[in-house]
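In each ligand, atom 1 is the first atom listed, and ligand 1 is the first ligand listed. As the structure is a computational prediction, the values presented were derived from the model and not from experiment.
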Amino acid sequence: MRDDVDACTTGPVAVDGGWREVGERLRVLRRMPELGGLPRRRLRELEPELRLVEVGAGDVVCEEADPADRLVAVASGELDGPVTTVDGRYGRTVRALTPARLWTLPADTARGALWATAETGTAGLRIDVRGVGRHIGGRRTLQDISLTIEPGELVAIVGASGSGKTTLLDAVSGVRPPTTGEVRVDGDPDSFGYVPQDDIIHRELPIARTLGYAARLRLPAGTSTDRVDEAVGRVLRALDLTDRADTRVGSLSGGERKRASIAVDLLTRPRVLFLDEPTSGLDPATAADFMRLLRRLAGAGSTVVVTTHDPPDVALCDKVVFLTTDGRLAFFGTPDAARTYFQTDHIEEVYERLADEDTPEEWARRFTAARGVLDDPPAPSGVPAAGGGRPAPDPRSPAGAPSPAGRRSVRALRQWRVLTRRDLDILLRNRLTAAILAGSPVMVLLMFAVLFRPHAFSYARPSPAATVMILFWIAFGGFFFGLTYGLLRICTERAILRRECLAGLGIAPYVAAKVAVLLPLLAVADAVMLLVLRALDRLPAAGWSTYGELLVTLLLTSAAGLGLGLLISAVVGDPAQATMALPMLCFPQVLFVGAILPVPVMAVAGRVLSYGMSNRWAFEALGHSLGVARLWAHGRSPLGPPLLASYGATFSRPVAVDWVILTGFTALFLALTCVVLARGTAYGRR
Ligand SMILES: Nc1ncnc2c1ncn2[C@@H]1O[C@H](COP(=O)(O)OP(=O)(O)OP(=O)(O)O)[C@@H](O)[C@H]1O
């Protein structure tokens with residue numbers, strides 16, 4: 001985006017407004033609706049950027065091809081239409097109808113000011129990286145990196161593909177802590193943003209809605225709805241996304257999605273912001289625009305660290321980190337110092353030099369020797385300047401990386417409420433998922449109806465073998481619904497969760513929100529299953545209390561299935577693995593439940609395993625509630641008594657005991673889910 005109005009119009013020439021111009025500027029800025037509400041201090045910062053220009057009749061004031069290029073206030077004369085706003089809403093060519101005098105301000109500058117004003121944040125943080133290394137799968141992907149990033153600096157990490165840029169960013173940000181060395185953050189970060197390479201916002205929701213939920217999760221408890229809307233509107237304006245506010249994230253272009261992704265972290269002004277290749281996939285103009293926005297964020301005080309492949313990005317940064325092809329530090333300093341150090345005019349040539357000349361060890365050794373005379377600031381007292389120092393961890397950041405302690409202002413209950421609403425919103429908007437959730441119980445019910453004959457529970461002509469199968473498959477149905485409802489819920493949004501944990505989200509509210517949304521749906525599916533099977537006479541006539549008991553049992557087995565599904569979803573890496581795990585989770589719950597083979601008849605190992613099957617307790621509770629022992633013993637089927645003998649005391653346990661066991665399974669699975677997620681998200685431990 002160009003800063004100079006003369007560059008893209010046919011006529012405008014800057015004029016000297018004399019002493020009156022100086023007094024006029026602030027008044028003009030205040031009149032510009034796009035800047036309404038900016039504090040006087042910010043307007044004063046914009047003042048020098050405002051220019052008075054003259055255009056002749058018919059001259060182009062603003063070109064369609066350059067939407068959002070500038071803001072214009074007409075001092076005298078007439079234009080043939082409104083000029084582009086800061087969010088680029090008009091985007092049309094505007095000409096002067098008469099000779100005119102105009103005040104012009106680069107829209108990029110205005111956006112930067114809006115952005116910097118988004119929150120009255122405090123200064124950025126200083127980050128000391130000392131002797132950081134990382135081993136992945138027995139391989140050293142990062143080796144002995146030591147550098148200091150000052151508050152408010154924009155720093156680029158560059159290097160060849162596979163050189164360890166993302167690994168370094170993750171280590172510095174704490175997303176994946178280093179295996180050796182440490183990262184110290186000077187101060188207690190209460191705002192910490194991380195924007196990974198992938199799109200990591202829910203694709204189902206419109207961008208404004210996504211930001212609304214993100215704001216409610218990030219802004220302090222008690223923030224009013226108006227304030228949330230205001231923050232969302234401001235960030236949308238600052239990132240040129242206002243006219244896409246109601247567009248589903250999945251329907252945005254790649255560049256728009258990138259901006260939407262960073263917008264989430266700009267709702268609260270982060271003191272430190274890490275971005276992994278934020279400009280990849282953007283056209284050069286958008287990429288430059290984006291980097292200038294980061295530049296302004298750093299200018300407003302935040303510390304910003306990006307990885308990038310694009311040399312033009314580096315030019316806008318205060319410092320650049322060059323990595324050798326095997327993850328060593330080849331250089332750290334200003335871009336100008338880099339050109340001097342590598343004796344080249346162009347940053348892109350550094351890549352070639354690092355790849356083709358000398359070994360990575362030699363580059364690293366040379367920089368270690370040279371860094372004393374370069375512009376790397378001296379290490380703070382007590383911290384070695386480079387090369388594997390291992391000072392004692394900073395008590396304020398015990399993990400050797402920024403701690404989340406300061407960001408617990410959003411209470412767990414509030415997080416749970418926001419996440420529950422968001423999960424429900426996502427579920428309802430994703431029609432395919434909603435159809436599968438509603439459709440699978442219907443399909444299962446249809447199969448039951450086709451499989452079982454009516455009257456199996458009739459006292460006059462019971463069918464003991466059929467009653468066993470009906471009980472078992474109902475129990476399994478409840479378990480299966482829960483399992484499948486939970487299985488894809490976490491693994492599909494793992495990156496989003498990791499990012500939200502960095503912003504202060506608690507794991508427990510996250511898991512509790514999943515349960516809060518899915519359990520009522522499961523209750524409906526279970527109740528419908530019982531009602532339909534009763535209506536079709538596959539279940540016996542019995543009082544409300546009996547059916548109430550059956551429903552509680554089914555809901556508890558569904559809850560256990562849901563807990564197991566969420567646990568597996570937390571453990572696996574992606575949806576394909578979760579889907580592959582499904583049969584392995586179902587088989588034991590069929591074989592070791594005691595329906596196909598009664599527990600007393602099983603081999604010892606099978607009997608032991610049956611204790612760990614939640615379905616076993618559901619099956620036995622259902623049998624107890626429906627009085628199958630009495631039916632088999634005294635019903636008119638000669639098969640009943642011998643069958644009962646093989647089942648022994650299976651159905652004699654009080655239902656309440658089975659309920660306690662089923663509740664225990666659910667609690668255990670959910671607790672394990674939280675533990676797994678906390679271990680998998682750097683800041684999830686809370
Ligand atoms: N989970 C992992 N398992 C195994 N190796 C890994 C893993 N993550 C990264 N690596 C390896 O570590 C090295 C550095 O990876 P990293 O993603 O940090 O590089 P990069 O410089 O960011 O690459 P690019 O520019 O292509 O994104 C690579 O060789 C990569 O294959």
Residue and atom name of the nearest protein heavy atom (relative to atom 12 (O) of ligand 1), distance in Å to one decimal: Thr141 CG2, 3.0 Å
Protein heavy atom at shortest distance from atom 27 (O) of ligand 1: Glu277 OE2, 3.4 Å
Atoms of ligand 1 close to Ile136 [distance to a heavy atom under 4.0 angstrom, numbered from 1]: 2 (C), 3 (N), 4 (C), 5 (N), 6 (C), 7 (C), 8 (N), 9 (C), 10 (N)
Atom indices of ligand 1, in the order listed, that fall short of 4.0 Å to a heavy atom of Arg139: 29 (O)
Ligand-side contact atoms (ligand 1) for residue partner Ala160, heavy atom cut-off under 4.0 Å: 21 (O)
Close approach, Ser163 and ligand 1, non-hydrogen under 4.0 angstrom: yes
Test item: Thr303 and Arg126 side chains (from C-beta on) under 4.5 Å apart, heavy atoms: no
Polar contact flag, side-chain donor to acceptor under 3.5 angstrom, Asp170-Tyr194: yes
Numbered atoms of ligand 1 (with element) below 4.0 Å of Thr167, judged on heavy atoms: 14 (C), 15 (O), 16 (P), 18 (O)
Protein contact to atom 26 (O) of ligand 1 [nearest heavy atom, distance to 0.1 Å]: Ser161 OG, 2.6 Å
Nearest neighbour in protein (non-hydrogen) for atom 28 (C) of ligand 1: Gly162 O, 3.7 Å
Point-to-point distance, once rounded to the nearest 0.5 Å, from CD1 of Ile496 to OH of Tyr510: 8.0 Å
Identified side-chain hydrogen bond (donor to acceptor under 3.5 Å, both in side chains) counterpart of Thr344 within the set Arg353, Glu349, Arg339: Glu349
Side chain, backbone, both or neither: the part of Thr166 lying under 4.0 Å from ligand 1 by heavy atom: both
Salt bridge Asp423-Lys514, side-chain N to carboxylate O under 4.0 Å: yes
Side-chain (Ser146) to main-chain (Gly131) donor-acceptor, under 3.5 angstrom: yes
Lys/Arg N to Asp/Glu carboxylate O, Asp128 vs Arg184, below 4.0 Å: no
